[in-house]
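Take a look at the structure set out below.
Values in this document were obtained by computation on a predicted structure and should not be read as measured data. The residues of the chain are indexed from 1 along the displayed sequence.
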Amino acid sequence: QVQLVESGGGLVQAGGSLKLSCSASGRTASGRTMAWFRQPPGKDLEFVAGTTSVSGGKDYAASVKGRFTISRDTAKNTVHLQMTNLKPEDTAVYYCAHTNDYRLRQSRNSYDNWGQGTQVTVSS
């Protein structure tokens, strides 16, 4: 019952940066956890980053650690993904996901609300 809308995707050159945003609306609950997943062309969905509102804890996939930063604006019910030093392998459709679970999870099955996705293309 939570609606998520991603924005900020686009085409960038390798080494560039891009900031994605995910706005949430509808029914929400305290202790909600937000995450970013991505699906490269021809590949399966994979976890990118997540954060929980309970502790502010964050988790990142090894492939983006040190390059991507997840943050949230609680007042605006918005989560962001700041991506820097982008690589061609970062090319994918990026999805925002939500769960009422208080715990950080990397499994796609832990999330029950998803956005429509936004395309990120990194050229070499």
Side-chain angles (χ1 to χ4, degrees):
Q1 298 182 33
V2 175
Q3 290 77 51
L4 306 175
V5 180
E6 303 98 333
S7 63
L11 174 64
V12 298
Q13 293 185 342
S17 63
L18 202 62
K19 186 176 183 178
L20 306 182
S21 298
C22 174
S23 297
S25 62
R27 291 177 60 84
T28 59
S30 299
R32 57 187 177 274
T33 298
M34 304 287 289
W36 287 95
F37 287 79
R38 68 185 183 186
Q39 185 169 29
K43 299 182 179 180
D44 293 331
L45 194 70
E46 63 182 23
F47 173 82
V48 177
T51 183
T52 177
S53 62
V54 176
S55 64
K58 301 175 181 179
D59 194 19
Y60 298 92
S63 60
V64 306
K65 181 73 174 181
R67 298 189 299 119
F68 291 9
T69 301
I70 187 171
S71 62
R72 66 191 305 158
D73 186 333
T74 304
K76 296 182 178 180
N77 291 318
T78 302
V79 63
H80 305 280
L81 184 67
Q82 178 64 59
M83 306 181 292
T84 61
N85 192 25
L86 285 162
K87 304 175 180 179
E89 50 263 45
D90 293 320
T91 295
V93 176
Y94 284 70
Y95 296 92
C96 179
H98 166 273
T99 179
N100 286 326
D101 200 307
Y102 287 81
R103 299 167 292 181
L104 285 168
R105 298 293 191 184
Q106 295 190 5
S107 173
R108 61 191 295 178
N109 296 321
S110 297
Y111 297 84
D112 45 25
N113 293 283
W114 296 81
Q116 295 299 307
T118 185
Q119 177 71 49
V120 172
T121 302
V122 184
S123 62
S124 59

Report yes or no: do Met34 and Val2 belong to one cluster of Ile/Leu/Val/Met/Phe/Trp/Tyr joined by side chain heavy-atom distances under 4.5 Å?
-> yes

Sub-3.5 Å donor-acceptor pair from the side chain of Ser53 to the main-chain atoms of Arg32, do we have one?
-> yes

Smallest heavy-atom separation, Val120 atom then Gly9 atom, equals CG2-CA, 4.2 Å

Under 3.5 Å, side chain of Thr33 to main-chain N/O of Leu104, donor-acceptor pair present?
-> no

Using the six-membered ring wherever Trp is involved, compare the ring planes of Phe47 and Phe37 and label them parallel, tilted or perpendicular (cut-offs 30° and 60°).
-> perpendicular

Report yes if some heavy atom in the side chain of Trp114 is under 4.5 Å from a heavy atom in the side chain of Cys96; otherwise report no.
-> no

For the pair Thr69 and Tyr60, evaluate side-chain contact (heavy atoms from CB on, under 4.5 Å) and give the outcome as yes or no after the intermediate values.
-> CA-CA 8 Å; Thr69 301; Tyr60 298 92; 3.8 Å; yes

About how many Å separate OG of Ser124 and CD of Glu89, when rounded to the nearest 0.5 Å?
-> 10.0 Å

Reported NZ-to-OG1 distance for the pair Lys58 and Thr52, which is rounded to 0.5 angstrom | 12.0 Å

Ring geometry between Phe68 and Tyr94 (parallel below 30°, tilted from 30 to 60°, perpendicular above 60°) | tilted

Using 4.0 Å as the upper bound for N to carboxylate O, is an ion pair formed by Arg67 and Asp90?
-> yes

Hey, what do you get for CD (Gln119) to CG (Leu11), rounding to the nearest 0.5 Å?
-> 9.5 Å

Only one of Val48, Leu20, Val64, Thr51 forms a side-chain contact (heavy atoms from CB on, under 4.5 Å) with Ile70, so which one is it?
-> Thr51

Under 3.5 Å, is there a donor-acceptor pair between the side chain of Tyr111 and the main chain of Arg105?
-> yes

Just do the side-chain contact (heavy atoms from CB on, under 4.5 Å) check on Val79 and Leu81 with the steps written out, would you?
-> CA-CA 7 Å; Val79 63; Leu81 184 67; over 6 Å; no

Go through Gln3 and Val5 one step at a time and tell me if the side-chain contact (heavy atoms from CB on, under 4.5 Å) criterion holds.
-> CA-CA 7 Å; Gln3 290 77 51; Val5 180; 5.6 Å; no

With respect to Glu46, which candidate in Arg38, Gln106, Arg108 satisfies the side-chain hydrogen bond (donor to acceptor under 3.5 Å, both in side chains) definition?
-> Arg38

Nearest 0.5 Å please: distance from the OG atom of Ser7 over to the NE2 atom of His80.
-> 8.5 Å

Spell out, as yes or no, whether a donor-acceptor pair under 3.5 Å connects the side chain of Glu6 to the backbone of Gly117.
-> yes

Checking side-chain contact (heavy atoms from CB on, under 4.5 Å) for the pair His98/Leu4: CA distance, chi angles, key distance, verdict?
-> CA-CA 8 Å; His98 166 273; Leu4 306 175; 3.9 Å; yes

